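Everything below concerns the one structure shown next.
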2 protein chains.
Amino acid sequence: MIKSSIPTNHIPKKEGLITDVHKLVESYPRVPITVDCVIFGFDENELKVLLIRSDLEMYKGKWSLLGDFAADNEELKEAAYRVLKERTGMTDVYLEEVGTFSAPQRHPGGRVITVAYCSLLNIQHHELKIHANELHWHSFSSIKEMAFDHKKIIDTCYQWLQKRIQEHPLGFNLLPDKFSLRELQNLYEAILGVQLDRRNFRKKFASMDLLIDIGEMEEDVPHRPGKLYKFNYEKYEKNKRKWVGIDF
Amino acid sequence: MIKSSIPTNHIPKKEGLITDVHKLVESYPRVPITVDCVIFGFDENELKVLLIRSDLEMYKGKWSLLGDFAADNEELKEAAYRVLKERTGMTDVYLEEVGTFSAPQRHPGGRVITVAYCSLLNIQHHELKIHANELHWHSFSSIKEMAFDHKKIIDTCYQWLQKRIQEHPLGFNLLPDKFSLRELQNLYEAILGVQLDRRNFRKKFASMDLLIDIGEMEEDVPHRPGKLYKFNYEKYEKNKRKWVGIDF
DNA sequence: TTTCATTGTGTACATTCTACATAATTCTTA
DNA sequence: TAAGAATTATGTAGAATGTACACAATGAAA
């Protein structure tokens, strides 16, 4: 058996309580904080990531994540949404925190801690109007070297995505409003890096009842066109808690 | 079909590259960073959390997480381990990042961003030698109000734990070296907040082959004693990738 | 020695996963 | 316009897993 001590509701000791909280906070080191967005897209049956050229001389030519320093009094998630909006014009995107990166030497300009956010967006909805810094989609698998520790960050986010997409049907954020089952399966195969059985895949999604047959067909495909579906957001929102552990 | 632009390997534009990276970093706001450890234990069939009294006058009497400001050039995970060691004397504990909390007003002394870490430890292995600030184990379910946004943080960590324990058999970190199946089940029931079928629970763990029967029995229990087991760490390490989605 | 609480175990049924093949449709091209 | 190529659409059987449920054995307590 385990023994433990149970807290009693003592009055706290009166001595040593800190009154000047501002002074307390000011006495500690401060660090610049950035957010970095790993923005995934899907196109031509490949997982893509949106990158820019680093604007640091020492990383000349290297690719970099879309990030920025957090402003005063800006919540970090807000900062991440701001970066997304500034760079892509998108506001209504999926975004989730993945983790912090705080190795002391990770930034050449001194200590900078970054929080990585993962964002999924539909390349089609999105024009990349802002061509500053050569904003481009990159095939995820082709990315080798990057500025800072950004390669480590995108690898972490990729693993996060692989896990997350099996728990929640996030993949829809990467697809157009109308998509075929084949496109959906290609997406899953691209992200998970495995081949899936077509019949079982379709059966699985059919049983989840998350797809609405919109009665249209693919066009301009060089073979028999497939049905087009849209995602049943209502149903998903209702059953959100359920989607943990989707196996294919 | 989706269209996209593919990046070509251009030479980056020569103008506008930043050379003085230190100056760049210095031009941005800085924030004090803390780590907060949500330390779970298990005792008397209850999930427990290790808390101290806040040493801030304005939170007099309120309970607070174990946390500290990050030191210069200290990686945040390191800082979390340091806090654990300073407060509990424990070094070899399970610890994982859960998330950041960055609401501008979350700390009364000015902006402080915190990163929450979740730690699981075995109450038995641990003597709470350090009695500063009334370090105590609290029944998780009894915690109502806390200093700062710490209630929000522990709630987030609890949800994280509920999810995580179903993907990986983390619960062993909370148990003594030797435990009975009943104790293990109690742990799962306490964390998940549900009753589990005893036979199915045992069958499940038997099939995972993670328990080693050490040939001993419980002692001093007021009923038929159960067998004692230890956790098969080797097997677990080998099959780590497999443990996603344990259902009971 | 009886009673009580708890451990330990097995089986039948339902659900889900997995592997696998054929017909139907449309486009292409000869 | 007919034949061929590519792809969609669909079902089933067997395996594995999940779920519900009951009874005998053990040791402690009375």
Side-chain angles (χ1 to χ4, degrees), chain A residues 1-2 44-45 165-167 169 175-176 178-190 192 194-230 239 241-248, chain B residues 1-2 44-45 165-167 169 175-176 178-190 192 194-230 239 241-248:
Chain A
M1 285 280 91
I2 309 169
E44 295 166 324
N45 292 340
I165 204 178
Q166 293 188 71
E167 298 170 339
L175 289 175
K178 306 171 181 184
F179 52 84
S180 66
L181 275 171
R182 165 52 58 188
E183 286 171 311
L184 184 62
Q185 185 176 340
N186 286 343
L187 170 66
Y188 272 83
E189 289 181 339
L192 299 176
V194 294
Q195 296 248 154
L196 302 170
D197 181 274
R198 197 156 51 90
R199 278 163 295 186
N200 293 338
F201 182 83
R202 297 161 91 89
K203 212 190 319 170
K204 186 75 192 175
F205 267 96
S207 81
M208 290 196 282
D209 199 22
L210 279 181
L211 302 181
I212 301 170
D213 181 340
I214 57 172
E216 294 177 43
M217 306 296 271
E218 286 181 299
E219 281 171 33
D220 302 322
V221 287
H223 54 75
R224 173 177 174 185
K227 288 182 183 181
L228 292 178
Y229 297 86
K230 65 178 184 179
N239 298 5
R241 330 200 89 259
K242 212 187 126 192
W243 311 120
V244 175
I246 306 171
D247 291 313
F248 296 99
Chain B
M1 287 278 89
I2 309 170
E44 294 166 325
N45 292 341
I165 203 178
Q166 293 189 72
E167 298 169 338
L175 289 175
K178 306 172 181 183
F179 51 85
S180 67
L181 275 171
R182 165 53 57 189
E183 286 171 310
L184 184 61
Q185 185 176 341
N186 286 343
L187 171 65
Y188 273 81
E189 289 180 337
L192 300 176
V194 293
Q195 296 248 156
L196 302 170
D197 181 275
R198 195 159 52 92
R199 278 162 294 187
N200 293 338
F201 181 85
R202 297 162 91 90
K203 210 191 319 172
K204 186 73 193 178
F205 267 96
S207 81
M208 291 195 283
D209 199 21
L210 279 181
L211 301 181
I212 301 171
D213 182 341
I214 57 172
E216 295 177 41
M217 304 298 268
E218 285 180 301
E219 280 170 33
D220 302 322
V221 286
H223 53 75
R224 173 179 177 184
K227 290 184 181 179
L228 292 177
Y229 296 86
K230 65 177 184 180
N239 299 4
R241 332 201 87 259
K242 211 187 127 196
W243 313 119
V244 174
I246 306 170
D247 290 312
F248 296 99

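Please read these numbers as outputs of a predicted model, since none were measured by experiment. Within every chain, numbering begins at 1; the chains are lettered A, B, ... in the order of the sequence lines, protein sequences first and strands thereafter.
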Rounded to the nearest Å, what distance is computed from the [atom1] atom of residue [X] to the [atom2] atom of nucleotide [N]?
X	N	atom1	atom2	answer
B:Leu184	C:dT7	CG	P	13 Å
A:Asn200	D:dA16	CG	P	15 Å
A:Gln166	C:dC17	CD	P	12 Å
A:Lys204	D:dA9	NZ	C1'	20 Å
B:Phe201	D:dT17	CZ	P	18 Å
B:Met217	D:dA28	CE	C1'	13 Å
A:Glu219	D:dT8	CD	C1'	16 Å
B:Glu218	C:dG8	CD	C1'	13 Å

* Asked: Do you know which of A:Lys178, A:Lys230, A:Lys227 makes side-chain hydrogen bond (donor to acceptor under 3.5 Å, both in side chains) with A:Glu216?
  -> A:Lys178
* To do: Please tell me which of the listed nucleotides, D:dA22, D:dA25, D:dA6, lies nearest to the side chain of B:Arg224?
  => D:dA25
* Asked: Nearest to the side chain of B:Arg199 - C:dT26, C:dT6, D:dC21?
  -> D:dC21
* Please tell me which of A:Pro225 and B:Pro225 maps to the more 5' nucleotide of DNA chain D, matching each residue to the nucleotide holding its nearest heavy atom. => A:Pro225
* Is there a side-chain contact between B:Asn239 and B:Asp209 (heavy atoms, below 4.5 Å)? -> no
* Any A:Leu196 side-chain heavy atom under 4.5 Å of A:Val194 side chain -> yes
* **A:Arg182 and A:Gln185: CA distance, side-chain angles, deciding distance, side-chain contact (heavy atoms from CB on, under 4.5 Å) verdict** => CA-CA 5 Å; A:Arg182 165 52 58 188; A:Gln185 185 176 340; 4.1 Å; yes
* Taking it one step at a time, do B:Tyr229 and B:Leu210 satisfy side-chain contact (heavy atoms from CB on, under 4.5 Å)? -> CA-CA 10 Å; B:Tyr229 296 86; B:Leu210 279 181; over 6 Å; no
* To do: Could you check B:His223 against A:Asp197 and say which one's nearest nucleotide on DNA chain C is further toward the 5' end?
  => B:His223
* Asked: With a 3.5 Å cut-off and just heavy-atom distances, do the side chain of A:Arg198 and the base of D:dA9 make a donor-acceptor pair?
  -> yes
* Would you classify A:Lys203 as touching base, sugar-phosphate or nothing, given that sugar-phosphate means primed atoms plus P, OP1 and OP2, and contacts are heavy atoms under 4.0 Å? => base
* To do: Give one of base, sugar-phosphate or nothing for B:Arg182, where a contact means two heavy atoms less than 4.0 Å apart.
  => sugar-phosphate
* Asked: Under 4.0 Å between a side-chain N/O of A:Lys227 and OP1 or OP2 of D:dT8, yes or no?
  -> no
